[in-house]
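Working notes, beginning with the structure itself.
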Amino acid sequence: MTSRRGVAFVAVGALGFAVQIGTVWSCTVLAGVPHAVATALGVATAIVHKYEWHRRWTWRDRTGRSPGAAPFVRFVVATGALSLVGNVAIVSLLVANLPIGVVAANAGAVTACAFANFVVTDRLVFTPR
């Protein structure tokens, strides 16, 4: 990982986390949506947000080779599945077993999934030339 790409990945991840937490908070606190459903909605919203930023910034040097929807589909399938399954499972486990709120549980889940998402995105979505 180059330092520029690493910094960009972390920055995009932080923005995506804000999108996810904002969605989770809005769903649970304002709309009374169950935490697992709210987490899934938050992750899905963050996935779209992060794809666009990663495409335009983090891996901008690799985005010209795969036109159309193929890179987005790879991103959704690879990192989306990892994030969705990982986040919902970790949040559910933490909320059920620890005196922790849903927002703090989401923070732990996002952190736990971050490195795996970088590797998957780098190797399967925005592949080197």
Side-chain angles (χ1 to χ4, degrees):
M1 165 171 48
T2 65
S3 61
R4 184 207 62 83
R5 196 176 318 277
V7 168
F9 181 81
V10 170
V12 169
L15 289 171
F17 178 68
V19 168
Q20 179 175 333
I21 292 304
T23 303
V24 169
W25 182 85
S26 297
C27 288
T28 57
V29 174
L30 300 179
V33 174
H35 66 82
V37 175
T39 298
L41 291 170
V43 170
T45 303
I47 287 167
V48 174
H49 175 270
K50 289 188 292 186
Y51 171 77
E52 280 303 316
W53 276 103
H54 284 320
R55 184 177 71 80
R56 295 171 191 260
W57 185 30
T58 312
W59 280 277
R60 70 177 175 256
D61 59 319
R62 298 184 186 177
T63 58
R65 294 179 325 284
S66 298
F72 179 70
V73 170
R74 286 194 308 268
F75 187 79
V76 168
V77 170
T79 68
L82 176 65
S83 292
L84 191 58
V85 171
N87 278 268
V88 171
I90 292 168
V91 167
S92 295
L93 183 68
L94 292 174
V95 168
N97 294 296
L98 296 174
I100 187 171
V102 67
V103 172
N106 268 265
V110 167
T111 302
C113 294
F115 181 74
N117 274 326
F118 179 86
V119 172
V120 166
T121 303
D122 190 62
R123 300 299 191 298
L124 299 177
V125 178
F126 300 113
T127 56
R129 294 184 200 270

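Counting from 1, the numbers follow the sequence of the chain as shown. Every value quoted in this text rests on a predicted model; they were computed, and no experiment measured them.
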Does the Arg4 side chain pair with the main chain of Thr58, one donor and one acceptor, at a distance under 3.5 Å?
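Present.
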
Check for a donor-acceptor pair, side chain of Asp122 on one end and backbone N or O of Phe118 on the other, with a separation under 3.5 Å.
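No, Asp122 side chain to Phe118 backbone: no donor-acceptor pair under 3.5 Å.
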
Any chain of hydrophobic side-chain contacts (each under 4.5 Å) joining [X] to [Y]?
X	Y	answer
Leu124	Val77	no
Phe72	Trp57	no
Val76	Trp59	yes
Phe9	Leu82	no

Distance in Å, Ser83 OG paired with Gln20 CD, rounded so as to fall on 0.5 Å steps:
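The CD atom of Gln20 is 7.5 Å from OG of Ser83, to the nearest 0.5 Å.
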
So CG of Asp61 and CZ of Arg5: to nearest 0.5 Å the spacing works out to 4.5 Å

Under 3.5 Å, which donor-acceptor pairs do the side chains of residues 26-41 form with other protein atoms, sequence neighbours left out?
| unit_1 | atom_1 | unit_2 | atom_2 | d |
| --- | --- | --- | --- | --- |
| Ser26 | OG | Gly22 | O | 2.8 |
| Thr28 | OG1 | Val24 | O | 2.8 |
| Thr28 | OG1 | Trp25 | O | 3.4 |
| Thr39 | OG1 | His35 | O | 2.8 |
| Thr39 | OG1 | Asn106 | ND2 | 3.4 |

Please state whether the rings of His49 and Trp53 are parallel, tilted or perpendicular, taking 30° and 60° as the class boundaries.
tilted

For the residue pair Phe126 and Phe75, does the interplanar ring angle fall in the parallel (under 30°), tilted (30 to 60°) or perpendicular (over 60°) class?
tilted

Among Val125, Thr79, Ile47, find the one that has a side-chain contact (heavy atoms from CB on, under 4.5 Å) with Asn117.
Thr79

side-chain contact (heavy atoms from CB on, under 4.5 Å) with Val110: which of Ile90, Val91, Asn87?
Asn87

Considering residues at least two apart in sequence or located in another chain, which fulfil the salt bridge (charged side-chain N to carboxylate O under 4.0 Å, His left out) criterion with Arg123?
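Once residues adjacent in sequence are excluded, Arg123 has no partner under the salt bridge (charged side-chain N to carboxylate O under 4.0 Å, His left out) criterion.
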
Which pair of heavy atoms, one from Pro71 and one from Tyr51, lies closest together, and at what distance?
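Looking at all heavy atoms of both residues, the closest pair is CB-OH, 3.5 Å.
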
